[in-house]
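Below is one structure, written out as structure tokens; comments come after it.
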Amino acid sequence: MNYFTHEKRYNTVNEYYRHLFGSKVYKISLNGDFTCPNRDGTLSHKGCIFCSEKGSGDFAGDKKDSLVKQFNEIKNIMQNKWKNGKFIVYFQANTNTYGSIKKLRNLYEKSLSLDKDIVGLSIATRPDCLGNDVLDLLDEFNQRTYLTIELGLQSMHEKTLKFINRGHDLKSFVDACKSLRKRNINVVVHIINGLPTDSYEDMLETAKFLNKLDIQGVKIHMLFIQKKTELAHYYERHPFKLLTLEEFVDITVNQIEHLNDQIIIHRLTGDAPRDELIAPEWTLKKFVVSNEIDKLMRKRNSFQGIKGRDYEK
Ligand code: SF4
């Protein structure tokens, strides 16, 4: 089944959630006060090259606040826009399975009890932070709620994984996906377009590679340079070409056209807080980016999965 509409020729997460839960669903980003092995010195102190001071959770709640306060603040804003929505609580900043089982259990438990309209739990983590004890715990939560694990890959190419200092290789990512799918847990993968070590073909290959995994969703981000990141220092010393809006739209449409039409697209943009963005400026205009993608797909009369259907082989 797919969830294309007249305007959107790919599976948007909004349509998918509407189908699944019968109403608009908002993700509310909470901060569970985690760190990351790629930042605390276990693997490295630097983190991934693009990772912000807030552990790539710049729009998550404030870790100093209780979960209730974080949740209610965002819920109130959301409900001013749309009444009667449902919620998925999302642990986004840092590595949200990197803690004792006791901490994880308490946190996930508490987050699900914050509101009667919470219908699911989303957890962002790394492939190397999914030991058997964590997987067993996730398995348990997966029986009780709509659970999604968001895994960063960014690129399938080892040269790029090294360049961005991911601290894990492709095999570790694939193994993590398999372990999650063995337990029937939904997996959403993050990839980035525009990394200087990836060519156009490399980016396309990463998208095609996702078809070989039994994943349920993808987030496609554009690389942007955010202040106070390793990438910002690198960019200052070695300026490289960032994708233009047109280039990003072109590669992203190509990726969508190759992507298995059962995969749900959770995001096609990524953005830094306005005052922390160095470049490119256009990444702030999320609606423009998504409109341009829709326009190009209409112009080509294409839709998700139209090219090749090589994933069926
Ligand atoms: S895994 Fe996530 S939190 Fe850790 S350094 Fe990389 S982007 Fe940051």
Side-chain angles (χ1 to χ4, degrees), residues 27 29-63 70 89-99 103-104 107 122-131 134-135 138 148-177 179-180 187-198 206 215 217-235 266-267 269-273 276-278 283:
K27 267 171 106 175
S29 290
L30 301 177
N31 194 320
D33 195 12
F34 286 95
T35 177
C36 170
N38 207 17
R39 277 193 165 279
D40 70 2
T42 304
L43 291 169
S44 137
H45 285 290
K46 291 186 167 180
C48 300
I49 194 169
F50 49 80
C51 186
S52 70
E53 278 184 313
K54 291 190 174 164
S56 288
D58 295 273
F59 300 99
D62 189 331
K63 67 180 181 188
Q70 292 183 42
V89 280
Y90 177 29
F91 288 102
Q92 178 184 26
N94 286 301
T95 298
N96 298 280
T97 57
Y98 188 47
K103 170 178 175 168
L104 302 182
L107 193 75
S122 253
I123 299 169
T125 189
R126 296 170 50 87
D128 50 7
C129 290
L130 288 166
V134 174
L135 287 165
L138 296 178
T148 304
I149 298 301
E150 300 207 6
L151 274 186
L153 170 64
Q154 321 311 354
S155 167
M156 66 167 290
H157 303 285
E158 299 292 354
K159 61 180 177 188
T160 299
L161 296 180
K162 280 210 175 68
F163 170 74
I164 62 178
N165 192 40
R166 275 300 290 175
H168 66 75
D169 58 10
L170 181 64
K171 182 177 179 307
S172 155
F173 169 83
V174 172
D175 290 346
C177 279
S179 304
L180 289 162
V187 178
V188 171
V189 179
H190 294 220
I191 62 173
I192 297 180
N193 287 339
L195 288 160
T197 43
D198 273 355
T206 294
I215 63 159
V218 63
K219 286 187 177 177
I220 303 178
H221 300 274
M222 166 59 200
L223 183 74
F224 53 79
I225 318 279
Q226 186 166 346
K227 289 178 189 166
K228 297 186 205 154
T229 58
E230 284 297 316
L231 185 61
H233 300 309
Y234 178 87
Y235 188 67
H266 288 241
R267 273 197 91 147
T269 53
D271 54 345
E276 288 187 24
L277 179 70
I278 296 174
T283 54

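Start at 1 and go down the list; that is how both ligands and their atoms are numbered.
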Distance filter under 4.0 Å to [X] heavy atoms, resulting ligand 1 atoms:
X    : result
C36  : 1 (S), 3 (S), 4 (Fe), 5 (S)
G47  : 5 (S)
R126 : 1 (S)
R166 : 1 (S), 6 (Fe)
N94  : 3 (S)

Original post:
Listed by chain and number, what are the salt bridge (Lys or Arg N to Asp or Glu O under 4.0 Å) partners of K159, not counting sequence neighbours?
Top reply: D202
Subject >> Pairing residues for R126 by the salt bridge (Lys or Arg N to Asp or Glu O under 4.0 Å) criterion, not counting sequence neighbours >> reply: D128
Subject >> Smallest separation among heavy atoms of Q70 and S29, with atom names >> reply: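 So the two residues come closest at OE1-O, 4.5 Å.
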**OP:** Examine all N, O or S atoms of C48, backbone included, and report whether one is under 2.8 Å from atom 6 (Fe) of ligand 1.
**Re:**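 Checking C48: at least one N, O or S atom is under 2.8 Å.
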Original post:
So, E150 and K27, do they make that salt bridge, N to O below 4.0 Å?
Top reply: yes
Original post:
With side chains defined as the heavy atoms from C-beta onward, is the minimum distance between L223 and L231 less than 4.5 Å?
Top reply: yes
